[in-house]
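The sequence lines fix the lettering, A, B, ..., with proteins before strands; numbering per chain opens at 1. When reading the values below, keep in mind they use all heavy atoms of this one structure, side chains included, and skip hydrogens, waters and symmetry mates.
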Protein chains: 2
Amino acid sequence: MPKVGMEPLRRRALIDATISAIGDRGSLDVTMSEIASRAGVSSALAHHYFGAKDELLQATMRHLLAELNADTRQALAAASTPRQRVSAVIAVNFSDKQFQPETIAAWLAFYVEAQKSTALRRLLRIYARRLHSNLMSGLSDLLPLTEADSAAEGIAALIDGLYIRRALKQGEPDAHSAITLVTDYLEMKLALRPAAPTPRSR
Amino acid sequence: MPKVGMEPLRRRALIDATISAIGDRGSLDVTMSEIASRAGVSSALAHHYFGAKDELLQATMRHLLAELNADTRQALAAASTPRQRVSAVIAVNFSDKQFQPETIAAWLAFYVEAQKSTALRRLLRIYARRLHSNLMSGLSDLLPLTEADSAAEGIAALIDGLYIRRALKQGEPDAHSAITLVTDYLEMKLALRPAAPTPRSR
DNA sequence: TATTTTTTATTGACTGATCAATCAATAAAG
DNA sequence: CTTTATTGATTGATCAGTCAATAAAAAATA
């Protein structure tokens, strides 16, 4: 039973502190000292574990991405029909855990930073691809490929748009109306073509 | 015939330089010197005319907002049916003038900065309100109020979402497919209820 | 018109603050 | 006695904002 060292604990604490700092400030303009002090350590220690600020930021985003991914997988596992799969993916993005001012602010800030940083841009592209493919995992059984693809595109745009719009408002996020709006879009897409997808696969 | 002073010329040049600098860097992390040198003047002069960096940033955003507004009014004036009004509003947001990497990056950056700055947040709220009301100017003649409202909400979210997603891609913006996606949404909304709006007004 | 005076335009040099990053020193495990 | 954990102090760079000085235009005065 090896006692773990401090490293993983500190890394995690620093990442959490980064999210909360970004959430408060609303931007990536947070100092290493601010982050470190939230994590209860010195800024020198933050540098010790992450080397440079960039890397801490990247690690934080990777963490966000990983959590979203884990939540999504879990939700997908619980869905039994294609239609449920689509709803599950949508629901995860507006779940209490994800659709929080802090997290939303962090995502938004990363979007902007991605313009400068190739590493962050790469990560965001991964997110976009994953979201698309997760949506397709249900949609491709409900619509012909081309239409499934455009539906996925629309849903993804709606999600991102609702995130950014949310960032402007104050008070608690209204996940319910967001889900309604996206689901409404989905249902219209499905209603227009109640027919089966391309030639029966399987 | 009074010769104009330098002030309006310089202000305009500095605002243009700000947009282009933000577009290049992809964020509001641009120095006054960078902006000033793009405008061909010293940073001291930029401070002379704008006082502080904040004010230059606000002025720049006000400029962007004003241009979008002017374009929208013009487009609305040329539309003769409610349906055309809605399309016009959508089209403006993806016009060559608006849907440009530089401008898109600037909007995105302002969204983030708005988390910190009350003044910028106020301006973005104005933008959101205007967009909604411009959309409603056509929609309210095509759908019952509640549905018109939710359609406007959806269209606005789609536009913002497509902007943010666009920022991730490289190369020329694909305005055409963006317009198609939004129009498709609009048409579905209209198709579902081809009936007239609430009691005939007028 | 020629001249002085005032206002406008413009800058280089400077200041003070902020911060990321480094490092040498110390303590505590293993 | 070697590796891991941790920090205070420091360095060097970057910037926003200021200021005093200069030049050029405009206005006022002679």
Side-chain angles (χ1 to χ4, degrees), chain A residues 1-22 24-61 109-110 112-113 115-120, chain B residues 1-22 24-61 109-110 112-113 115-120:
Chain A
M1 294 293 107
K3 270 276 187 45
V4 284
M6 287 285 97
E7 181 152 358
L9 264 45
R10 290 279 122 104
R11 289 183 83 97
R12 179 59 198 268
L14 282 164
I15 287 175
D16 286 347
T18 304
I19 296 174
S20 108
I22 293 176
D24 274 15
R25 279 258 188 294
S27 92
L28 294 192
D29 271 345
V30 279
T31 70
M32 287 297 267
S33 309
E34 166 72 11
I35 294 172
S37 103
R38 272 172 197 254
V41 299
S42 72
S43 77
L45 194 67
H47 274 101
H48 174 64
Y49 283 125
F50 285 96
K53 196 183 172 184
D54 287 30
E55 280 167 60
L56 173 53
L57 258 21
Q58 284 168 42
T60 301
M61 190 163 167
F110 280 129
V112 169
E113 193 70 5
Q115 309 270 311
K116 279 187 273 190
S117 155
T118 332
L120 288 184
Chain B
M1 295 291 107
K3 271 274 186 52
V4 283
M6 287 284 99
E7 181 151 359
L9 262 45
R10 291 279 123 105
R11 289 183 83 99
R12 180 58 197 268
L14 283 163
I15 286 176
D16 286 347
T18 304
I19 296 174
S20 108
I22 293 176
D24 273 15
R25 280 256 186 295
S27 92
L28 293 192
D29 271 346
V30 279
T31 68
M32 287 297 268
S33 309
E34 166 72 11
I35 294 172
S37 104
R38 273 173 196 253
V41 298
S42 73
S43 78
L45 194 67
H47 274 102
H48 174 64
Y49 283 125
F50 284 96
K53 196 182 171 183
D54 288 30
E55 279 167 61
L56 173 53
L57 259 21
Q58 283 168 41
T60 302
M61 187 160 170
F110 280 130
V112 169
E113 192 71 6
Q115 310 269 312
K116 279 187 273 187
S117 154
T118 332
L120 288 185

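- Computed from coordinates, the B/Leu14 CG to C/dT10 C1' distance equals 12 Å when rounded to whole Å.
- Checked against C/dA9, D/dT6, C/dT22, the side chain of A/Met6 finds its nearest nucleotide in D/dT6.
- The shortest distance between the side-chain N/O atoms of A/Arg10 and the OP1/OP2 oxygens of D/dT6 is below 4.0 Å.
- Spacing between atom CG of A/Asp54 and atom C1' of C/dA21 amounts to 12 Å, rounded to whole angstrom units.
- Once rounded to the nearest 0.5 Å, the distance linking CD1 of B/Ile35 with CG of B/Leu56 reads 5.0 Å.
- Distances from the side chain of A/Ala52 to the nucleotides D/dT6, C/dA21, C/dT10 place C/dA21 closest.
- Here C/dA24 presents its C1' atom at 17 Å from NE2 of A/His47, a figure rounded to the nearest Å.
- The side chain of A/Ala44 approaches D/dG8 more closely than any other nucleotide in the set D/dA16, D/dA5, D/dG8.
- Across the protein-nucleic acid pair, B/His48 atom NE2 and C/dT8 atom P stand 9 Å apart, rounded to whole Å.
- When rounded to the nearest whole Å, the span between CG of A/Leu57 and P of C/dA21 equals 10 Å.
- Residue A/Tyr49 contributes atom OH, which lies 4 Å from atom P of D/dA5 at whole-angstrom precision.
- Within 4.0 Å (heavy atoms only), A/Thr31 reaches sugar-phosphate atoms of the nucleic acid but no base atom.
- A donor-acceptor pair under 3.5 Å links the side-chain atoms of A/Lys53 to the main chain of A/Val30, judged by distance alone.
- C/dC19 atom C1' lies 13 Å from atom CG of B/Asp29, rounded to whole Å.
- Of the inter-residue distances, the one linking B/Thr60 atom OG1 with B/Leu14 atom CG reads 8.5 Å to the nearest 0.5 angstrom.
- Straight-line distance from the CD atom of A/Glu34 to the P atom of C/dA17: 20 Å, rounded to whole Å.
- Summarising the local packing, CZ of A/Arg25 is surrounded by 12 or fewer heavy atoms from other residues, nucleotides or ligands at distances under 6.0 Å.
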